[in-house]
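Lettering of chains follows the sequences in order, A, B, ..., and the numbering in each one begins at 1.
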Amino acid sequence: MRWSQAFIPTLRDDPAGAEAISHKLLVRGGFMRQLMSGSYSLLPAGFKVRSKIRTIIEQEINGIGGQEFLLPVLHPAEIWHRSGRWEVVGDELFRLKDRRGVDHALGFTHEEIFTLVATELKSYKELPQLWYHFQTKLRDEPRPKSGLLRVREFVMKDSYSFDMDVEGQAVQFDNHHAAYVRIFKRMGLETVAVEASSGAMGGSDSIEFMVKSTAGEDLVARCPSCDYAANVERATSRIPKVDDGPGLDAPEKFATPDVRTIDALANFEGGAAAEHQIKTLVHIAEGEPLLILLRGDHPLQEQKLTDHLAAQTLRPAKEDEIVDLLGAHPGSLGAVGVSGVRTIADPELMGRTSMTTGANEDDYHLRGVNVSRDITVDEWVDLREVRAGEGCPNCDGTLEVFKAIEVGHIFKLGTRYSEALGANVLDENGKARPIVMGSYGIGLGRAVAAVAEVHNDDKGLVWPVSVAPWEVVITLVKLDEETVAAGEKMYEELQADGIDVLLDDRSERPGVKFNDAELIGIPFRITLGPRGLAEGIAEFQARTDGESTDLDIHEAIAHVVELVTAGRNA
RNA sequence: CGGGGCGUGGCGCAGUCCGGUAGCGCACCUGCUUUGGGAGCAGGGGGUCGCCAGUUCGAAUCUGGCCGCCCCGACCA
């Protein structure tokens, strides 16, 4: 590509609304432009990066037996009704009516449609199958943000595995796991595979591939001493037992005027430290109230509660609902003596004595509460969100917690979709059995942003060779006859060698060209100008270190080809 | 959906409090000079000031409503 003919609209200033580094640099570098909130046009350079990522994914998924499809974006509502997700997914699913008034959905993901195709599988002899496609997904996100990291329209590679049994499914799951590690490594992303919540997808095992980044929206707990890593939506930890000392024979009510918070009670004369308090929360799940009990200093991890309840709707109760239920306002709530309300407690409260909690009477608390004696707990469920510095559940290590971008997610779906949609095959005994499925996704745009988020410096992007929009830029420092001729020759030779090369033949000043080349992050630069050419020299620079070396012009090509080849395979 | 911020040439912004001919930098076009790290001079083009209504002799500026964008939270494969 000749830069003079290319559409690469670089900007000097950061776009006004951008916060995330990847967002700023992808816009400034001329890779993309925003259409509306959560919707971006990819420009040629951005499309090239995405295409290279796509090729890597295709190679690796084909490598584990994948067959590429292309399924529609527009779906009849009927199939979403059959899977049950028309109701489950909620507002995030784009819905529309056609001219006859018939409901449709815009594809949010493609379990239903692939499963429908899979109803043509009839015999165990046809399994296993691994199917995938790259297709636009549409999601009515409540809050798109951070450029390409969270959008309403994006292309995803989603694959679906079909097996006779869970053993076969596990093989496909492991194949994907390994392929994903290779895919992300090839695009320059260091990922952590973490245990995750399956959320609305349904299914059992679920693993997310996370890239550590402050721009990420997820929190990951990881142990540096062993291989434990989990999304905080699932993570557990080891914490020291609290010594309660001798308790009272019965709970004792005491006045606590204006004490409404854990902290206030901890600082109140006659109160109790947070770890000696019981935090009582009221939530409404599917319309029914729930009491949630945690140690005073422990935050509720709401996804754990959602997962345990398999709830479609879960929300904190409103103040008037709480007063109706318990007779007191938030800040004075407790579970002592409460009956008829489903009560779920975190195991860190098990066997505790001498606890302090609300008395269900405004401005009063109870001390000397013995959990097993005084509170009726229906279920003990881990609901606590882990914190950095707590013990690893699997070894003696100490957990670290960091923000991360979810770049891939793999699920074991079981037979949820095959049963709902009738995807059965006959086994060796002629008996119909639902196909055991898995689903596996990678968002392309998010992957582009994640790479940009990780590979940049104060001058701009620093693409890994494997995904760079161009691998080499030839910068002509002056457009005199000799320089142009030398540049054209080198441009053609590099192209002949299969190198993706950009020739900067614009009539701009050298500073502009250098800055643009650095901003858009081309891994290697060859600089040609009359000064060097007079001595038969081409100047070479790698974007990663910015150090320039003079090469004999006749050796430059071979040198660059070698580095590009090494970079592609890195 | 709650809280906060912001909408003024392609991009980044000032002007709004206190109403009176719409500005600056960059980018763009023409000419001359310049040419190894975002050139200089001269000339030039381009804006219904987010939209609608109102107040006023007069509105980018004041009032009301609406729309859009960003951030935090809620939410979220």
Does [X] reach a base, just sugar-phosphate, or nothing at all? Heavy atoms under 4.0 Å.
X        : answer
A:Gly529 : base
A:Arg152 : nothing
A:Thr10  : nothing
A:Gly532 : base

Quote, to the nearest angstrom, the [atom1] distance that separates [N] from [M].
N     : M     : atom1 : result
B:G4  : B:G20 : C1'   : 34 Å
B:C18 : B:G2  : P     : 30 Å
B:G47 : B:U21 : C1'   : 15 Å
B:G7  : B:C62 : P     : 12 Å

Plane angle bin for [Y] and [X] - parallel if under 30°, tilted between 30 and 60°, otherwise perpendicular:
X        : Y        : value
A:Trp80  : A:His75  : parallel
A:Phe209 : A:Tyr180 : tilted
A:His133 : A:Phe114 : perpendicular
A:Phe162 : A:Trp131 : tilted

Between A:Asp382 and A:Thr236, a side-chain donor and acceptor under 3.5 Å: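 There is no such pair between these side chains.
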
Any A:Thr527 side-chain N or O less than 4.0 Å from OP1/OP2 of B:G36: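 Looking at the OP1 and OP2 atoms of B:G36, neither is under 4.0 Å from any side-chain N or O of A:Thr527.
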
Could you state the atom-to-atom distance from [atom1] of [X] to [atom2] of [N] in whole Å?
X        : N     : atom1 : atom2 : value
A:Asp14  : B:G12 : CG    : P     : 10 Å
A:Asn231 : B:C76 : CG    : C1'   : 12 Å
A:Glu208 : B:C76 : CD    : P     : 14 Å
A:Glu141 : B:C70 : CD    : C1'   : 16 Å
A:Leu300 : B:A74 : CG    : C1'   : 14 Å
A:Met36  : B:C70 : CE    : P     : 11 Å
A:Leu479 : B:G36 : CG    : C1'   : 13 Å
A:Arg150 : B:C72 : CZ    : P     : 12 Å

Closest nucleotide among [options] to the [X] side chain:
X        : options             : value
A:Lys145 : B:G25, B:C72, B:C70 : B:C72
A:Glu92  : B:C76, B:G12, B:G36 : B:C76
A:Leu11  : B:G12, B:C11, B:G38 : B:C11
A:Arg12  : B:C76, B:G38, B:G37 : B:G38
A:Gln34  : B:C69, B:C11, B:C76 : B:C69
A:Glu302 : B:C69, B:A27, B:C75 : B:C75

Using Watson-Crick or G-U wobble geometry with both distances below 3.5 Å, tell me the partner of [N], or none.
N     : value
B:C49 : none
B:G25 : B:C11
B:C75 : none

Over 12 foreign heavy atoms within 6.0 Å of CG, A:Asp91: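 Open.
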
Residues A:Arg446, A:Glu453; criterion salt bridge (Lys or Arg N to Asp or Glu O under 4.0 Å); working and verdict: CA-CA 10 Å; A:Arg446 188 181 280 183; A:Glu453 209 54 61; over 6 Å; no

Got a donor-acceptor pair under 3.5 Å from the side chain of [X] to the base of [N]?
X        : N     : result
A:Arg143 : B:C76 : no
A:Glu518 : B:G38 : no
A:Arg525 : B:G36 : no

Toward the 5' end of RNA chain B, by each residue's nearest nucleotide, A:Glu217 or A:Asp516: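 Final value for this comparison: A:Asp516.
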
Stacked cation flag A:Arg54 on A:Phe134, 6.0 angstrom / 45 deg: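 Yes, a cation-pi geometry holds between A:Arg54 and A:Phe134.
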
Approximate separation, where rounding is to 0.5 Å, of A:Leu71 CG and A:Ile113 CD1: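 CD1 of A:Ile113 is found 7.0 Å from CG of A:Leu71.
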
Are any protein N/O atoms closer than 3.5 Å to N/O atoms in nucleotides 33-35 of chain B? If there are, list each pair with its distance.
residue: B:U34; atom: O2; partner: A:Arg509; partner atom: NH1; Å: 3.2

